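Naming: A, B, ... by sequence-line order, numbering from 1 per chain. Small disclaimer: the values here were computed from a predicted structure and weren't measured.
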Amino acid sequence: MKAKSFTKRVYDVVRKIPKGKTLTYGQVAAAMGSPGAARAVGNALNKNRNKDVPCHRVIRSDGSVGGFAWGTPKKIAILKKEGAIK
DNA sequence: CATTTGACGCCAA
DNA sequence: TTTGGCGCCAAAT
């Protein structure tokens with residue numbers, strides 16, 4: 001297995017998120033083996049803003065959408081459309 | 001190479 | 001209950 005960069009692992013996990021499902025940054029960080037790296041996870045998505053990954057399905061632990069490089073309201077609209085949030 | 005930033009998380013007041 | 005501050009990690013500048 002390749003020692004992928006931290007960011008690559010973030011994409012790999014987020015990319016596996018099914019439609020209508022949402023994960024928290026902390027859960028994604030823990031899923032990759034780095035619990036507590038919630039900031040680093042959001043940072044990877046923000047700095048890279050890779051559209052190949054459903055980054056809009058990654059939200060905060062509070063249930064808030066958090067932020068979005070393309071526009072937070074845009075992210076909310078997608079999640080609401082997906083039925084992931086109320 | 002060192003410092004700052006940043007889409008977070010949790011505790012205290 | 002809501003707001004503020006501190007702590008953590010990785011990437012960008």
Span of DNA chain C engaged by chain A, first through last nucleotide within the 4.0 Å heavy-atom cut-off, is C/dG7 to C/dA12
Grab the two heavy atoms, one from A/Ile76 and one from A/Ile85, that are nearest each other, plus how far apart they are.
-> O-CD1, 3.9 Å
Check against side-chain contact (heavy atoms from CB on, under 4.5 Å), A/Leu79 and A/Ile59 = CA-CA 10 Å; A/Leu79 290 170; A/Ile59 61 173; 3.9 Å; yes
Identify all stems in which DNA chain C takes part, counting only runs of at least 3 consecutive pairs (Watson-Crick or G-U wobble, each distance under 3.5 Å), and give each as one range with another, ordered by first number.
-> B:2-6 with C:9-13, B:8-13 with C:2-7
Check for a donor-acceptor pair, side chain of A/Asp12 on one end and backbone N or O of A/Lys8 on the other, with a separation under 3.5 Å.
-> no
Please work out which residues in residues 44-54 of chain A have a non-hydrogen atom less than 4.0 Å from an atom of DNA chain B and list them by number.
-> A/Leu45, A/Asn46
With distance as the sole test, does A/Lys75 use its side chain to make a donor-acceptor pair with the main-chain N or O of A/Val65 at under 3.5 Å?
-> yes
Kindly check if the number of other-residue, nucleotide or ligand heavy atoms within 6.0 Å of CZ (A/Arg15) is above 12?
-> yes
Ring pair (Phe, Tyr, Trp, His ring centres under 6.0 Å) pairs touching residues 46-86 of chain A, sequence neighbours excluded, are A/Phe68-A/Trp70
Check: A/Ala37 main-chain N/O paired with A/Ser34 side-chain donor or acceptor under 3.5 Å = no
May I ask you to decide whether A/Glu82 forms a salt bridge with A/Lys21, counting only side-chain N to carboxylate O separations under 4.0 Å?
-> no
Provide a list of protein-nucleic acid N or O atom pairs under 3.5 angstrom, restricted to nucleotides 8-10 of chain B.
unit_1, atom_1, unit_2, atom_2, d
B/dC8, OP1, A/Arg60, NH1, 3.3
B/dC8, N3, A/Arg39, NH1, 3.4
B/dC8, N4, A/Arg39, NH1, 2.9
B/dC8, N4, A/Arg39, NH2, 3.4
B/dG9, OP1, A/Ser61, N, 3.3
B/dG9, OP2, A/Arg60, NE, 3.4
B/dG9, OP2, A/Ser61, N, 3.2
B/dC10, OP2, A/Ser61, OG, 3.3

Which is true for A/Thr7 with a 4.0 Å heavy-atom rule: it touches a base, it touches only sugar-phosphate, or it touches nothing?
-> sugar-phosphate
The complete set of ring pair (Phe, Tyr, Trp, His ring centres under 6.0 Å) pairs with one or both residues in residues 4-26 of chain A, sequence neighbours excluded, reads none
